[in-house]
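Remember, it's a predicted structure, so these values are computed and weren't measured experimentally. Atom set for the values below is all heavy atoms of this structure, side chains included, hydrogens, waters and symmetry mates excluded. Lettering follows sequence order; numbering is per chain, from 1.
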Amino acid sequence: MTATDGEMSVAQRVEALRSQISDHNHRYYVLDQPTVSDAEYDRLMVELQSLEEAHPDLITPDSPTQRVGAQPVSGFDSVRHAVAMLSLSNAFETEDVEAFNKRVADTLRGAGLTNNDGLVEYEAELKFDGLAVSLRYEQGKLVQAATRGDGQTGEDITSNIRTLRSVPLSLRGEYPVVLEVRGEVLMNRADFERLNETQQRRGDKIFVNPRNAAAGSLRQLDPRITAQRPLRFYAYGWGELVLDDAPGAQQTLADEAPDPAQTLRNTHSAMLDWLATLGLPVSPSREVVRGVDGLLQFYEDRGGQRQKLPFDIDGVVYKVNSLEAQRVLGFVARAPRFAIAHKFPAQEETTTLLDIEVQVGRTGAITPVARLKPVFVGGVTVTNATLHNEDEILRKDVRIGDTVIVRRAGDVIPEVVGPVIELRPENARPFVMPQHCPVCDSAIERLEDEAIARCTGGLFCAAQRKQTIRHAASRKALDIEGLGEKLVDQLVESDRVKSLADLFTLKVEELLLYDRMGRKSAENLVAALERASEPELGRLLYALGIRHVGETTARDLALHFGSVDAVMAADEEALLRVRDVGPVVAGSIARFFGEPHNREVVHALESAGVRPRAVEVSDGGAQPLEGKTLVLTGTMPNWTRDEATRRILAAGGKVSGSVSKKTAYLVAGEDAGSKLTKATELGVIILDEDGLKELLGD
DNA sequence: TATCCTCGAGTTCA
DNA sequence: CTCGAGGATA
């Protein structure tokens, strides 16, 4: 074929497109500064594809269109690493790091490699929670990619790795003859969430965490599937490296460019910088630090930012920065002596699911709870975790006997993330929702369209009676100090307390008969009950434990009706006139007071001397927050959350639990979490405690 | 009817 | 804190 003008321009256009696309990938994944929209990027790809279709002879293996070229395979070949992929020793405690630093410092001093100040210089970086891989570039082209495997031999995953847009198919600039890049493949948490949503919609496998999702995606036999997975790659090291005779090196050695042979071989950090110049995405958030204090400072720093990073890390890694020093330090067994991984306390651990028991809540809700083999995760030992409901167990497919992943994420509450299917024993047993209440043996029923199964025993069920009393005594209800869980259990079990009203007839002498009750505690409790006999009306209504009537609705009812009797006398129609009360809530209230024994309890409370305080219908004071909704988050320096809530309500404002565009202000204290992020996104005004005080006219 | 906003309920460990 | 679900609103 002769090279006519037309052919030339097509070839040139194809070349130009490839270089543009590769530039955009580089800007997006390496520089983190995309300059074009996804749509524009797609347009370039489409144009390149159509040109290549029309001119198949112009297709080269490193064309971005060829990222997904390979057919599904039946298995992976093994690959022997030219240079072994090492593992790192681990440090869990500060002492481990100090010992590491001392060993390094002593060895280097012996070799006469000490710095002026005697401190060892380290390159500190993040330890990704992903999968280690090795990429082999020959003459600047990606020729092979392999998993770590046992460190000597891994699996050939070249066609899967080629689909990762963050992995350049050709190196940029002055590339070496041979370069084995070592790094980690991982998935960002947000991408992982999105992937799982898609998987769920399609009825495909749900992944338990980003790491498993990344692993599963890399081990796909069909690269077309891998191509759809949002995987990323970050380089942190290298294996075999042959610099000589690099053809690119002679071409463009610009005057201002540092001599690669110089910078290149001095330090680990310079090596990583150099890898970045070759177009490889290099581990972000690196730092060069000195001495053990520098290491620990880095650890603290990154540990604090852990939640804010887009991906999971399980620690940080320290490497002696000088490559010469690294050579002097050498290796022990399969780990280098010049590097160590400093692990964070695990946020995720695996343990055995010993059993699934059910709990009965105040409303009869049957909640399955996982009994776990105790496991230390996120700084505490976890033995129980809620499984929420039957559907949740099915969705996660956890079975009794499974090895499960347990997480203690941003908040405090442990969560069973999911089972490790590969470790499922033969005799693993699925959870079966019991037909009868374990406490009172009443039937358990689950209404259609509802996620929760409930015990139908009502107050016949001792568990529900206990929970009802506990609820009434809680801080947001009657706030009865000294009436703890154990005592409530005893009072209910002995039948001394059958309803809320019975509490108020308790006497010091009889309380002494219960376990762990001294005279002092008994007197304190009776005094607390005395104080509780003059509750705000809203608190009393809340304490009754009417279904669908929480703190807010109870307060609304109190304001609307002014007395318990008025609420009790109201029919559904009257109840519907209360704000935020619809048919379900109105029906629930009417049904509650329709029950003779509930009316009896109200009367018995009256006889026992419980008199709600008169409701003050707004004190006429300043109402600076009239009609405004505020959200509280984090810990404030002086006020508790309850305190702040009280003052906001007094100023005519409302306090809500979640941020939306209707939120007027977010009051953020120390350690504010996701609400702050959301408020920032929505452009909600953010205040601190002082700002709130100002707003209240304090 | 669909969507957004709130509220209610349940939960763990030290 | 999160989920489910009730209520209001467009």
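As a whole-Å value, the separation of A:His388 NE2 from C:dT2 P is 10 Å. What separates CD of A:Glu551 from P of B:dT6 is a distance of 16 Å, to the nearest Å. Across the protein-nucleic acid pair, A:Leu666 atom CG and B:dC5 atom C1' stand 16 Å apart, rounded to whole Å. Regarding A:Arg395, its CZ atom lies at a distance of 12 Å from the C1' atom of C:dT2, rounded to whole Å. Taking atom CD of A:Glu193 as the reference point, atom P of C:dC3 lies 10 Å away to the nearest angstrom. Between the P atom of B:dT6 and the CG atom of A:Leu632 lies a distance of 14 Å, rounded to the nearest Å. For the pair A:Lys628 NZ and B:dC5 P, the computed distance is 17 Å after rounding to whole Å. What separates CD of A:Glu349 from C1' of B:dC13 is a distance of 17 Å, to the nearest Å.
Not one N or O on the side chain of A:Asn196 forms a donor-acceptor pair closer than 3.5 Å with the backbone of A:Glu193. A:Asp191 contributes no side-chain N or O that, together with a main-chain N or O of A:Met187, makes up a donor-acceptor pair within less than 3.5 Å. The backbone N or O of A:Trp639 sits less than 3.5 Å from a side-chain atom of A:Glu689, completing a donor-acceptor pair. No donor-acceptor distance shorter than 3.5 angstrom exists from the side chain of A:Lys498 to the backbone of A:Val492, with no hydrogens or angles considered.
Applying the salt bridge (charged side-chain N to carboxylate O under 4.0 Å, His left out) test to residues at least two apart or on different chains, the pairs with a partner in residues 574-593 of chain A are A:Asp556-A:Arg579. The salt bridge (charged side-chain N to carboxylate O under 4.0 Å, His left out) pairs that include a residue from residues 367-376 of chain A are A:Glu357-A:Arg371, where partners are two or more places apart or lie in different chains. Residue pairs meeting the ring pair (Phe, Tyr, Trp, His ring centres under 6.0 Å) criterion with at least one member in residues 370-389 of chain A, sequence neighbours excluded, do not occur.
A donor atom on one side chain and an acceptor atom on the other are not found under 3.5 Å apart for A:Arg424 and A:Thr403.
One finds no side-chain N or O of A:Asn384 lying less than 4.0 angstrom from the OP1 or OP2 phosphate oxygen of B:dT11. Taking only side-chain nitrogens and oxygens, A:Ser660 comes nearer than 4.0 Å to OP1 or OP2 of B:dT6. Using a 4.0 Å cut-off, some side-chain N or O of A:Thr383 falls inside it from OP1 or OP2 of B:dC13. Residue A:Thr386 places none of its side-chain N or O atoms closer than 4.0 Å to OP1 or OP2 of B:dT12.
A:Lys654 comes within contact range of the sugar-phosphate backbone alone, with a heavy-atom separation under 4.0 Å but no base atom that close.
The side chain to side chain donor-acceptor pair (under 3.5 Å) check on A:Arg399 picks up A:Asp397, with sequence neighbours excluded.
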Could you list all N or O pairs between the protein and nucleotides 4-7 of chain C that sit under 3.5 Å apart?
residue, atom, partner, partner atom, Å
C:dA5, OP1, A:Ala451, N, 3.1
C:dG7, OP1, A:Gly582, N, 2.8
C:dG7, OP1, A:Gly582, O, 3.1
C:dG7, OP1, A:Val585, N, 3.0
C:dG7, OP2, A:Val584, N, 3.3

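Across B:dC7, B:dA14, B:dT12, the shortest atom-to-atom separation from the side chain of A:Thr381 is found for B:dA14.
If A:Gly657 and A:Leu576 are placed on DNA chain C by their nearest nucleotide, the residue sitting closer to the 5' end is A:Gly657.
For DNA chain B, the residues of residues 357-364 of chain A within the heavy-atom distance limit of 4.0 Å (strictly under) are A:Gln359, A:Arg362, A:Thr363, sorted by number.
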